Amino acid sequence: QVQLVESGGGLVQAGGSLRLSCAASGRSFGSYGMGWFRQTPGKEREFVAAASPSGLSTRYSDSVKGRFSISRDKAKTTVYLQMNSLKPEDTSVYYCAAGAGWGPKYTDYDYWGQGTQVTVSS
């Protein structure tokens with residue numbers, strides 16, 4: 001069993017930066033792929049970024065590529081999402097996830113955090 005808890009969200013002006021963290025408890029997620037998704041009310045959950053179990057391979061949605069970066073720290077059982085050059089359209093609840101896969105599909109992941117709110121003002 002894996003429990004994931006996100007933190008680091010908040011209110012930031014357009015062009016600013018935030019760093020989200022996802023901490024695991026229970027089973028280590030070192031053997032899992034890790035992903036970040038975001039969702040706003042009335043919209044489907046959107047893929048943001050993912051990393052392989054080793055952290056050596058990453059993938060990003062076109063909307064965030066070049067602005068966001070995902071990284072892993074197995075020793076600390078934590079995954080991060082560094083968000084730079086934030087835009088108002090990045091406003092959403094951000095969720096981290098762990099699974100056997102690390103692709104862009106919602107169904108690639110088995111465990112989910114509770115989400116953290118990111119609000120970008122214009």
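Computed from a prediction, not measured in an experiment: that's the story for all the values here.
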(message) Considering only residues two or more places apart or on different chains, which pairs with a residue in residues 93-109 satisfy side chain to side chain donor-acceptor pair (under 3.5 Å)?
(response) Arg38-Tyr94
Name the atoms and distances for all side-chain donor-acceptor pairs under 3.5 Å in residues 115-122, with sequence neighbours left out.
from   : atom 1 : to     : atom 2 : distance (Å)
Thr116 : OG1    : Gly9   : N      : 3.3
Gln117 : NE2    : Ser92  : O      : 3.4
Gln117 : NE2    : Thr119 : OG1    : 3.3

(message) Quick check for you: to the nearest 0.5 Å, what is the distance between Leu20 atom CG and Glu6 atom CD?
(response) 8.5 Å
(request) Apply side-chain hydrogen bond (donor to acceptor under 3.5 Å, both in side chains) to Thr58 and list each qualifying residue two or more places apart in sequence or on a separate chain. (result) none
(request) Give, for atom CZ of Phe37 and atom CZ of Arg45, the distance between the pair rounded to the nearest 0.5 Å. (result) 8.0 Å
(message) So, taking the atom named OH in Tyr32 and the one named OH in Tyr111, what distance separates them when rounded to the nearest 0.5 Å?
(response) 4.0 Å
(message) If I take atom SG from residue Cys96 and atom CH2 from residue Trp36, how far apart are they, to the nearest 0.5 angstrom?
(response) 4.5 Å
(request) Would you please test Phe68 and Leu86 for side chain to side chain contact (heavy atoms under 4.5 Å, CB included) and show each step? (result) CA-CA 9 Å; Phe68 292 9; Leu86 283 162; 3.8 Å; yes
(message) Using every non-hydrogen atom in the two residues, find where Leu56 and Ser52 come nearest and quote the distance to one decimal.
(response) N-OG, 3.6 Å
(message) A side-chain contact here means heavy atoms from C-beta on lying under 4.5 Å apart; do Thr40 and Thr91 qualify?
(response) no
(request) Apply side-chain contact (heavy atoms from CB on, under 4.5 Å) to Arg19 and list each qualifying residue two or more places apart in sequence or on a separate chain. (result) Tyr80, Gln82
(request) Please collect all salt bridge (Lys or Arg N to Asp or Glu O under 4.0 Å) contacts where either partner lies in residues 62-71, sequence neighbours excluded, each pair once. (result) Arg67-Asp90
(message) If hydrophobic clusters are built from ILVMFWY residues whose side chains come within less than 4.5 Å, do Leu81 and Val5 share one?
(response) no
(request) Output the distance between atom SG (Cys22) and atom CG (Asp73), rounded to the nearest 0.5 Å. (result) 12.5 Å
(request) Could you list the residues that satisfy side-chain hydrogen bond (donor to acceptor under 3.5 Å, both in side chains) with Ser17, not counting sequence neighbours? (result) Asn84
(request) Identify whether Tyr60 and Phe47 are in the same connected component of the hydrophobic contact network (ILVMFWY, side-chain heavy atoms under 4.5 Å). (result) no
(message) Does any part of the side chain of Val93, heavy atoms only, come nearer than 4.5 Å to the side chain of Gln39, both counted from C-beta?
(response) no
(request) Could you tell me whether the side chain of Arg72 reaches within less than 4.5 Å of the side chain of Pro53, counting heavy atoms only? (result) yes
(message) A side-chain contact here means heavy atoms from C-beta on lying under 4.5 Å apart; do Glu46 and Ser63 qualify?
(response) yes
(message) Is there a continuous path of hydrophobic side-chain contacts, each under 4.5 Å between heavy atoms, that joins Leu4 to Trp112?
(response) no
